[in-house]
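Comments concern the structure below.
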2 protein chains.
Amino acid sequence: MTIGTDRRPSKRERTLAALVEHGLDLFERRGYDATTVAQIARAAGVTEMTFFRYFPAKEHLLLDDPYDPQLTAAIASQPSDLRPFVRAARGIRAAWRSLPEPETPIIRRRVRIIAQTPSLRGAMWRNTGNTERAIVEQLVADGASPDVARVAAASVLAALVAGLFLWAEEERTTLADAIERALDVIEADA
Amino acid sequence: MTIGTDRRPSKRERTLAALVEHGLDLFERRGYDATTVAQIARAAGVTEMTFFRYFPAKEHLLLDDPYDPQLTAAIASQPSDLRPFVRAARGIRAAWRSLPEPETPIIRRRVRIIAQTPSLRGAMWRNTGNTERAIVEQLVADGASPDVARVAAASVLAALVAGLFLWAEEERTTLADAIERALDVIEADA
DNA sequence: GGCATAATGTTAGTGACTCACATTTTGCAG
DNA sequence: CTGCAAAATGTGAGTCACTAACATTATGCC
C-alpha cells in the first residue's frame with residue numbers, strides 16, 4: 001500500500017546513480033582513458049569490485065542502447081517494396097523522430113565522450129552489433145537476402161552513428177534534425 | 001654491391017614473419033581471445049616484450065590497412081559533380097578492383113578471424129579511423145561539406161567492411177566481386 | 001527486533017601493456 | 001677475422017581491466 005507515486009530509491013538505484021554521475025564527471029574532466037575504474041568507484045563511495053557488479057566493463061558506463069525494439073518496429077512499418085537499404089534508413093528516421101526530448105541531454109554527454117575517445121568509437125561499433133542483428137532479422141523476415149540485409153544494416157547504422165557524433169559536437173542542432181541530415185546524405189531522394 | 005635481387009632476410013624480417021605466422025595459426029586453432037600474447041611469442045621463439053616491439057597491441061597482428069593512398073587517389077579521380085556519397089562508393093570500387101590477386105589469401109585469413117571475433121570487429125572499426133579521415137579530407141578538398149563528407153565516408157566504409165566479412169565467410173566469390181555487390185546495395189543505380 | 005537476502009567487501013590471480021635497464025647479436029669497418 | 005657501434009632482444013617490476021571464491025555487512029520486511 002504505497003502512499004505516493006515516488007518512493008525513496010533503493011540502495012541499488014542509489015549506487016548505480018552515483019557510479020554513473022561520478023563516472024561521467026571524471027571522464028569529462030580527466031578523459032576516459034586517464035580515468036581509472038578504481039577512481040570512479042572511490043568517488044562513488046564504493047569498491048572497484050562493486051563497479052563490475054553494475055557494469056560488465058568500464059565502457060558500459062557509457063554504452064546502453066535500449067532502443068532496438070522501437071527501431072525494428074519502425075523498420076517493419078515501412079513499405080516493403082522499398083529496397084532494404086532505403087527501408088532501413090527510413091525506419092531509423094521514424095524511430096528517432098519519436099525519441100522523447102528530455103532524454104537527449106544525458107545522451108549528448110555520453111556521445112560526446114565517446115566521439116572524443118578513439119578506443120570508445122570502436123567499442124560503440126562492437127556494441128551496435130546487437131542492433132545490427134536486429135535490423136538484419138527484420139529485413140530478412142520481409143524478404144531481403146541475408147547478404148544484402150547485412151550490408152544495408154551496417155551502412156545505415158554507420159550513417160546514424162556519424163550523425164550522432166556530429167550532433168554531439170555541434171551543440172546547436174536537435175538530435176532528430178542531425179539524424180535526418182545524416183540520412184539525407186545517404187538517400188539520394190529527400 | 002649486392003649480387004642478386006633477393007638477399008637473406010634480416011633478423012627483424014624473420015622474427016616479424018615468425019610472429020605473424022604463429023599468431024595467425026594460433027588464432028585459427030584456438031581462437032583470438034583464448035590465445036595469449038605470451039603463447040604467440042613463445043611459438044615464435046621470442047619474448048612477450050619483443051612482440052610488443054613489433055606490434056603496438058595484440059590486435060595489430062591482424063589489422064594493417066596500408067591501402068589508404070590508393071583509395072584516396074581512386075576517389076579523387078571520380079567525377080567531382082557526383083554526390084560525395086556516390087563518389088566515395090565509386091572510388092572504393094575502383095580501388096579494390098585493382099588489388100593484386102596474390103595478396104587475397106592472407107587477407108582472407110585475417111578477415112575471417114576478425115569477422116568471427118566480436119572484440120575485433122570493434123577494433124577494426126576503430127582502425128578504419130585513419131582511412132575514414134583520409135576519405136573525408138579528399139571529399140572536402142573537392143568541395144563537399146565536412147559534415148556530409150563524414151557521414152558519407154563512414155557509411156561507405158561500413159558497407160565495404162560488411163562486404164569484406166561476407167567474402168571471408170562465403171569462400172566462393174572473389175574479393176572484388178564481393179565488394180562490388182556490397183556497394184550495389186548502397187548505390188541505387190548500378 | 002530478528003532474519004533472509006541483497007549489497008558489498010577481501011584476496012588473489014590472469015592477461016594486456018609499459019618502462020627502465022641489462023645483455024646479446026648483427027653487420028660492417030679496419 | 002677482429003672489434004665495435006648499433007640493433008635486437010631479454011629481465012624485472014609495475015599498472016589497469018577484469019574474474020572468481022569466499023567472507024561480511026546492510027536492508028527491508030514480518
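Below, read A as the first sequence line, B as the second, and so on, with proteins coming before strands; counting in each chain starts at 1.
Cation-pi check for B/Arg12 over B/Tyr54 is met; the charged atom lies under 6.0 angstrom from the ring centroid and within 45 degrees of its normal.
Note: A/Tyr32 and A/Phe27 have tilted aromatic rings, judged against thresholds of 30 and 60 degrees for the angle between ring planes.
Closest to the side chain of B/Thr50, out of C/dA20, D/dT9, D/dT19, is D/dT9.
At whole-Å resolution of the value, CD in B/Glu48 and P in D/dA13 are 15 Å apart. Distance, A/Arg14 CZ to D/dA26 C1': 11 Å, rounded to whole Å. Across the protein-nucleic acid pair, A/Met49 atom CE and D/dA17 atom P stand 14 Å apart, rounded to whole Å. Rounded to whole angstrom, the span from the CZ atom of B/Arg53 across to the P atom of D/dT9 amounts to 8 Å. Here D/dG10 presents its C1' atom at 16 Å from CZ of B/Arg42, a figure rounded to the nearest Å. Look at CZ on B/Phe52: it is 7 Å from P on C/dA16, rounded to the nearest Å. If you measure from atom NZ of B/Lys58 to atom C1' of C/dT18, you get 18 Å, rounded to the nearest angstrom. Atoms CD (B/Glu13) and C1' (C/dG27) sit 14 Å apart, rounded to a whole Å.
The shortest side-chain heavy-atom distance between B/Asp147 and A/Val185 does not fall under the 4.5 Å cut-off.
In terms of hydrophobic clustering, with Ile, Leu, Val, Met, Phe, Trp and Tyr side chains grouped at heavy-atom distances under 4.5 Å, A/Val136 and A/Leu157 are assigned to different clusters.
The phosphate of C/dA7 has neither OP1 nor OP2 within less than 4.0 Å of any side-chain N or O from A/Tyr54.
Of all heavy-atom pairs between B/Ala57 and B/Phe52, the closest is CA-CE2, 4.3 Å.
Taking every heavy atom of residues 29-39 of chain A and every atom of DNA chain D, pairs under 4.0 Å involve A/Thr35, A/Thr36, A/Val37, by number.
Side-chain contact check for A/Asp68 and A/Thr131: at least one donor-acceptor pair (N or O, by modelled atom type) lies under 3.5 Å.
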